[in-house]
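Below is one structure; the comments refer to it alone.
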Protein chains: 2
Amino acid sequence: MSFIDSVYTFAPETFADDYMAIFSKTCEYAMRAVFYVAQKSHEGQKVGIKEIAEQINSPEPFLAKILQKLSRERLIQSVKGPNGGFYFDAVSLNRPLADIVSAIDGNDIFTGCGLGLTYCSESNPCPLHDEFKKVRNQITHMLNNTTIGKFNMGLIKGKFTLNK
Amino acid sequence: MSFIDSVYTFAPETFADDYMAIFSKTCEYAMRAVFYVAQKSHEGQKVGIKEIAEQINSPEPFLAKILQKLSRERLIQSVKGPNGGFYFDAVSLNRPLADIVSAIDGNDIFTGCGLGLTYCSESNPCPLHDEFKKVRNQITHMLNNTTIGKFNMGLIKGKFTLNK
DNA sequence: TTAATAAAAGATATTTTTGTCTTTTATTGA
DNA sequence: TCAATAAAAGACAAAAATATCTTTTATTAA
Ligand code: FES
Ligand code: FES
């Protein structure tokens with residue numbers, strides 16, 4: 001390939017600098033928002049979408065969609081109009097984070113096969129099955145044992161970050 | 001909303017029955033393919049893309065792209081022409097599966113923040129940091145301690161599945 | 001040295017995820 | 001009861017991931 005050619009030839013980046021996280025971006029926004037709203041609820045306040053989006057550094061209209069979904073599923077509370085906003089009642093504050101994750105990302109992270117087989121099963125395991133089960137169990141444990149309100153104190157005391 | 005209306009009104013499924021896995025589909029295909037080719041290499045054979053795609057149940061042209069990438073990165077060996085195909089040499093068979101994953105999905109799964117913060121850090125942790133670190137470490141351990149050739153015997157003996 | 005073979009590369013298409021914009025509905029306080 | 005407010009809903013747009021098709025290059029064996 002000549003120099004001139006190379007100037008006009010770009011690698012067909014089918015595999016961009018992709019970076020794959022455990023949770024979808026949607027779910028990451030959801031979790032950050034939930035923790036932020038929980039903290040405010042602990043202080044007895046409701047929060048508007050604009051403030052939430054600013055504080056967790058997420059696109060506002062997109063986050064609105066996410067919270068709408070959580071609201072429809074009664075995982076978060078909201079009221080319209082002046083002094084309205086999002087908040088959590090006492091019951092919701094005690095819900096596990098797992099409820100948020102499964103509402104957004106589904107249950108694959110709790111039950112799915114690491115190699116993408118349709119069903120994860122003991123009788124027909126993929127090679128990674130035994131080790132992957134441990135990973136899945138730890139994720140499940142983490143999400144089941146983290147209530148939505150668990151970090152309220154830490155957040156109020158400034159121990160944790162929710163914005164990049 | 002009237003009955004007639006409801007007949008023609010469909011919920012705008014912005015959140016389809018999404019299911020989020022730990023690895024991208026691309027990476028799942030890659031891992032399944034790698035294990036399949038490794039097994040064949042152990043038996044001294046090269047395998048064509050068609051056979052691999054059939055055996056691991058993946059779209060053939062898409063898998064071809066994936067293996068091309070791994071080939072460019074010297075993670076898998078290949079030869080063109082008659083009797084050609086993909087295979088692993090002894091060195092590659094001993095590579096950790098982590099090399100495949102990071103080539104395809106990047107390093108976020110090893111180092112990224114569970115809540116999607118730009119950097120995961122001890123000094124500015126997100127609420128999930130402590131627990132998420134454990135998950136990440138277990139994934140890292142799993143992928144570093146699994147060589148590409150680790151399951152050859154199990155696969156030959158039919159203990160494992162690679163197709164759905 | 002040629003025909004057949006099989007991977008590599010390139011171009012294109014589809015689907016899903018992520019993100020934006022506009023309109024509607026509910027609530028509140030004046 | 002009216003104007004202001006804020007979430008809900010709906011329609012639309014952009015980007016990324018997934019998938020397909022065609023052409024090119026390298027290798028082998030006859
Ligand atoms: S079968 Fe793959 S993780 Fe269980
Ligand atoms: S800061 Fe979020 S996992 Fe470390």
Side-chain angles (χ1 to χ4, degrees), chain A residues 1 5 8-21 23-30 33 37 45-53 57-74 76-87 104-106 108 116, chain B residues 1 5 8-21 23-30 33 37 45-53 57-74 76-87 104-106 108 116:
Chain A
M1 181 170 69
D5 281 345
Y8 295 99
T9 305
F10 298 94
E13 278 297 334
T14 307
F15 302 87
D17 26 0
D18 43 3
Y19 73 141
M20 180 79 188
F23 305 107
S24 69
K25 237 165 185 328
T26 307
C27 192
E28 290 173 347
Y29 292 149
V37 174
Q45 305 172 36
K46 300 195 209 76
V47 215
I49 186 70
K50 187 171 181 180
E51 178 183 335
I52 307 172
N57 192 26
S58 76
E60 187 191 316
F62 188 54
L63 183 62
K65 288 298 175 192
I66 298 169
L67 294 188
Q68 276 165 34
K69 181 184 170 72
L70 295 180
S71 177
R72 277 195 300 272
E73 311 217 348
R74 317 273 177 213
I76 197 171
Q77 281 70 54
S78 71
V79 293
K80 296 180 178 179
N83 284 324
F86 294 92
Y87 67 99
I104 302 291
D105 274 353
D108 228 55
Chain B
M1 180 170 70
D5 282 343
Y8 296 98
T9 305
F10 299 93
E13 279 298 337
T14 307
F15 302 87
D17 26 356
D18 45 3
Y19 73 139
M20 180 78 189
F23 305 107
S24 68
K25 238 165 189 318
T26 307
C27 192
E28 290 174 349
Y29 293 150
V37 174
Q45 303 171 37
K46 298 194 211 75
V47 215
I49 186 70
K50 187 170 183 179
E51 177 183 336
I52 307 172
N57 192 28
S58 76
E60 188 192 316
F62 188 54
L63 183 62
K65 288 298 176 194
I66 298 170
L67 295 188
Q68 276 165 35
K69 181 184 171 69
L70 295 181
S71 177
R72 276 195 300 272
E73 311 217 348
R74 317 272 177 215
I76 198 172
Q77 283 70 54
S78 72
V79 293
K80 295 177 178 181
N83 284 324
F86 295 91
Y87 67 99
I104 302 291
D105 273 354
D108 228 55

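Chain letters run A, B, ... following the sequence lines, proteins first, then strands; residues in each count from 1.
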B:Ser78 vs C:dA6: side-chain N/O to OP1/OP2 distance below 4.0 Å: no
Distance test, side-chain N/O of A:Tyr29 to OP1/OP2 of C:dG19, below 4.0 Å: yes
Closest contact, heavy atoms only, B:Gln45 versus B:Tyr87: O-CB, 4.2 Å
Value in whole Å for how far the C1' atom of C:dA6 lies from OH of B:Tyr87: 14 Å
Rounded interatomic separation in angstrom, taking CE from A:Met20 and P from C:dT17: 10 Å
Residues forming a salt bridge (charged side-chain N to carboxylate O under 4.0 Å, His left out) with B:Glu60, sequence neighbours excluded: none
Spacing of A:Gln68 atom CD relative to C:dA26 atom C1', expressed in whole Å: 13 Å
Any B:Ser71 side-chain nitrogen or oxygen under 4.0 Å from OP1 or OP2 of C:dA7: no
Non-neighbouring partners of B:Lys80 that pass side-chain contact (heavy atoms from CB on, under 4.5 Å), sequence neighbours left out: none
Nearest to side-chain heavy atoms of A:Ile49, which nucleotide of C:dT18, D:dA7, D:dA8: D:dA7
By side-chain contact (heavy atoms from CB on, under 4.5 Å) - contacts of A:Gln68 (at least two apart): A:Ala64, A:Lys65, A:Arg72
Spacing of A:Arg74 atom CZ relative to D:dA8 atom C1', expressed in whole Å: 13 Å
Closest heavy-atom pair and its distance - B:Asn83, B:Lys46: O-NZ, 3.2 Å
Under 4.0 Å protein heavy-atom contacts per nucleotide of nucleotides 20-30 of chain D, with B for base, S for backbone only and - for none: BB---BBBBS-
Spacing of B:Lys69 atom NZ relative to C:dA9 atom P, expressed in whole Å: 12 Å
Under 4.0 angstrom between A:Thr26 side-chain N/O and C:dT17 OP1 or OP2: no
Atom-pair distance (CD on B:Glu51; C1' on C:dT5), nearest Å: 16 Å
For the student: nearest non-hydrogen atoms of B:Arg74 and B:Gln77, plus distance: O-NE2, 4.0 Å
Partners meeting side-chain contact (heavy atoms from CB on, under 4.5 Å) with A:Pro59 (sequence neighbours left out): A:Tyr29, A:Phe62
Length of the NZ-P vector between B:Lys25 and C:dT14, whole Å: 19 Å
Interatomic distance where CD1 belongs to A:Ile52 and C1' belongs to D:dA6 [whole Å]: 11 Å
